[in-house]
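Okay, so here's the structure we're looking at.
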There are 2 protein chains.
Amino acid sequence: MTDKRRRRLPRSVREQEIIDAALGVFSKRGYRAAVVDEIADLAGISKPMVYLYLGSKEGLFIACVRRESQRLAAAFREAAQAGDSPEQRLWAGLGAFFAFVAEHRDSWVVLHRQAPEQGEAIAQEIADARRSVMAEVNGLVRDGITKGGEADRLGEQEADFVAHALVGAADSLTDWMERHPGEPPERVTVRLMNVMWVGMRNVLAGEVWAPPQPDA
Amino acid sequence: MTDKRRRRLPRSVREQEIIDAALGVFSKRGYRAAVVDEIADLAGISKPMVYLYLGSKEGLFIACVRRESQRLAAAFREAAQAGDSPEQRLWAGLGAFFAFVAEHRDSWVVLHRQAPEQGEAIAQEIADARRSVMAEVNGLVRDGITKGGEADRLGEQEADFVAHALVGAADSLTDWMERHPGEPPERVTVRLMNVMWVGMRNVLAGEVWAPPQPDA
DNA sequence: AAGTAAACTTACTATAGAGTAAGATTAGGT
DNA sequence: ACCTAATCTTACTCTATAGTAAGTTTACTT
C-alpha cells in the first residue's frame, strides 16, 4: 500500500494506523475477543509498540471510541448546520449519519454495538459517545417540536422519546442497508423521514392515535 | 429461597436454574467476559455440573438464547393474536414486547445486545432469534400496509424497512424506559404507535415527505 | 438393608493472551 | 562520520479461566 518493506513511521502517523487496525478488529470480534497481537500485525508492527503508544488494551479501545465518536459528531453537526428549517436540518443530519455508517461500518459497530460492561473507563467513554449522538438528534427534534418558540412543557421528555426512537430506528436500518447494498443512503433517509417526520408532524397537529377502547 | 442447605435437584430443574444464572451473567458481562465459575456459583453448584448438563460455555449461551427467544416470540405472538385489525394487533404485539423487556431485561440484552462474532454456532443462533422477532413484526406491518388485500408490489421491501425501523426504535426505547422507571410500558407503546403508525398511515394515504428541493 | 444410578465435588491440566524487560535498529541532526 | 533519540523487536512472565479426571455423597428402588 503506502510503502513496501518495513518502513519506520513517526509516532503521530503510526498511532493512527494502530487505531485504524484496532477499529477493524474490535468491530469484528468485540472488545474481549479482540487480540492485541492481531491488531499489531494488522498495523504492521509488533505488540510492544501498541503498549508504548496506547498504554493498554483498554486505552486502545478508548482511543478508538473517542476518535470515531468525534468524527461522527462532526459529520452530523456539519451537515445539520446547513439548512434553515428544523425539517431540513434533521433531514441533512440523518443523511450524514447514514452516509457515515455506510462508509465506516466499523466505527458504528464499535460505538454502539458493544456490551459496555468491560470496566468503568470504557463504560464511561461509550456512554459519553452515545449521549453526544443522542444530544445532537435531541436538539434537532426539539426544534422541530417547538413550533415557533413557545414554552415546551413536556416537549423536553417528548423530544427525548422521539430522539431515542429515531436513533434506534437508524441503528437498526444500518443492518437493513447491509442487506440492500443497492439502496443509496439518501433513499434510506427519505424513507425514514417519511415515517418519522410525517408521524411527528401529524401527531403535533393533533392527530393522536389512541388504543382502540377495550370495551366500553 | 426455595430451600436451605445444599439440596439435590433433578436435572430438569437444575438445568433451568443454571440457565437462569447464566442469563444474568452473560447479560451483565457479555459472552467473553462471563466466567463459568460465577455462573455455577450463582446457580448454587460447582462448575463441572454446568459442563455435564450444558456441554460447554457455548452450549450454555445457546441454551439461553434459545429459551429466551422462544419466550419472547410466544409473548409477542399470543398478544398479537387477540385483536381483529392490523392496527390492534401491532399495538398488542408492541405492548407485549415492551412489557417483556421491562420484566426480563437480561433476556433482551442477551438476545440483541451481543457482538455476535463469537463463533459460528452462536452467530447462527442469534441470527435466528433476531430473524424470528423481525419476521413477527414484519407480518404485522405487512398486514397494516396492504389495506384490504391488494397485490403488494413493493409492499414486501417496504414492510421490511418499516419493521427494521420499528424494532430498532423499540430496542432503543428500552434504554429510555430504564431512565424513566415511572413510565408504564403501555404508555411507551402508545407513544411509539403515535409516531410510527400515524406516520405509516399518512404516508400510505399519500402524504409523502420529500426533501426540500436543493435549488430549482 | 443393600444396591445403584443420578447428583454433585475437589483438585487438578492446559492454554490463550495481556503486559513487559532488555535491547537492536534506523533516521536525522550536527 | 558520528551521536542521540525515536522507532521497533525478540523473547519472555504470569494470570485468568475453559475444560476434565477421578472420585464422593445422596436419594430412590426393590
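Residue numbers begin at 1 in each chain, while the letters A, B, ... track the order of the sequences.
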Practice item. Would you please say whether a donor-acceptor pair under 3.5 Å links the side chains of A:Q118 and B:R32? Key: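 The answer is no; no qualifying pair exists.
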Practice item. Scan side-chain atoms only and decide if A:H164 and B:R179 contain a donor-acceptor pair under the 3.5 Å cut-off. Key: yes
**Study point:** Check: A:W108 ring centroid to A:F97 ring centroid under 6.0 Å
**Key:** yes
Could you go over nucleotides 26-30 of chain C and give all protein N or O partners under 3.5 Å, atom names and distances?
residue: C:dA27; atom: OP1; partner: A:R7; partner atom: NH1; Å: 2.9
residue: C:dA27; atom: OP1; partner: A:R7; partner atom: NH2; Å: 3.1

How many whole angstroms separate atom [atom1] of [X] from atom [atom2] of [N]?
{"X": "B:Y53", "N": "D:dT20", "atom1": "OH", "atom2": "P", "value": "17 Å"}
{"X": "A:L52", "N": "D:dC8", "atom1": "CG", "atom2": "P", "value": "10 Å"}
{"X": "B:M49", "N": "D:dT25", "atom1": "CE", "atom2": "C1'", "value": "12 Å"}
{"X": "B:D41", "N": "C:dT9", "atom1": "CG", "atom2": "C1'", "value": "13 Å"}
{"X": "B:R14", "N": "D:dA27", "atom1": "CZ", "atom2": "P", "value": "12 Å"}
{"X": "B:I39", "N": "D:dA18", "atom1": "CD1", "atom2": "C1'", "value": "12 Å"}

Check your understanding: Between B:H104 and B:F100, how do the two ring planes meet: parallel, tilted or perpendicular, split at 30° and 60°?
Key ->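 Tilted, since the angle between the ring planes falls between 30° and 60°.
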Check your understanding: Taking the six-membered ring of A:Y31, is the NZ or CZ of A:K57 close enough (under 6.0 Å from the centre) and on axis enough (within 45°)?
Key -> yes
Point to revise | Side-chain donor or acceptor of A:T189 paired with backbone N/O of A:P185 under 3.5 Å | key: yes
Practice item. Taking A:H180 for its side chain and A:W176 for its backbone only, find out whether a donor-acceptor pair lies under 3.5 Å. Key: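 Indeed, once roles are kept as given, a pair shorter than 3.5 Å links the two residues.
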Between the protein and nucleotides 28-30 of chain D, list the N/O to N/O atom pairs that are separated by less than 3.5 angstrom.
none

Determine, for [X] against [Y], whether the closest basic-nitrogen to carboxylate-oxygen distance falls under 4.0 angstrom.
{"X": "B:D20", "Y": "B:R67", "answer": "yes"}
{"X": "A:R191", "Y": "A:E183", "answer": "yes"}
{"X": "A:E117", "Y": "B:K28", "answer": "no"}

Review point. Which salt bridge (Lys or Arg N to Asp or Glu O under 4.0 Å) pairs, counting each pair once, include a residue from residues 166-176 of chain A, with sequence neighbours left out?
Key: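 Applying salt bridge (Lys or Arg N to Asp or Glu O under 4.0 Å) to every pair that reaches into residues 166-176 of chain A, excluding sequence neighbours, yields A:R105-A:D175, A:R113-A:D171, A:R113-A:D175.
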Practice item. Quick one: list whatever passes side-chain contact (heavy atoms from CB on, under 4.5 Å) with A:V198, sequence neighbours left out. Key: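 For A:V198, the residues satisfying side-chain contact (heavy atoms from CB on, under 4.5 Å) (neighbours in sequence not counted) are A:N194, A:R201, A:N202, B:N202, B:V203, B:E207, B:W209.
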Pairs under 3.5 angstrom, nitrogen or oxygen only, protein versus nucleotides 15-21 of chain C, please.
residue: C:dA18; atom: OP1; partner: A:A34; partner atom: O; Å: 3.1
residue: C:dA18; atom: OP1; partner: A:K57; partner atom: NZ; Å: 3.1
residue: C:dA18; atom: OP2; partner: A:V36; partner atom: N; Å: 3.1
residue: C:dA18; atom: N7; partner: A:K47; partner atom: NZ; Å: 3.3
residue: C:dG19; atom: OP2; partner: A:Y51; partner atom: OH; Å: 3.1
residue: C:dG19; atom: OP2; partner: A:K57; partner atom: N; Å: 3.0
residue: C:dG19; atom: N7; partner: A:K47; partner atom: NZ; Å: 2.9
residue: C:dG19; atom: O6; partner: A:K47; partner atom: NZ; Å: 2.8

Check your understanding: Quick check: are there more than 12 heavy atoms from other residues, nucleotides or ligands sitting under 6.0 Å from CD of B:Q16?
Key -> yes
Exercise for review: Strictly below 4.0 Å, heavy-atom distances to any atom of DNA chain D: list the hits from residues 21-29 of chain B, or just say none.
Suggested key: none
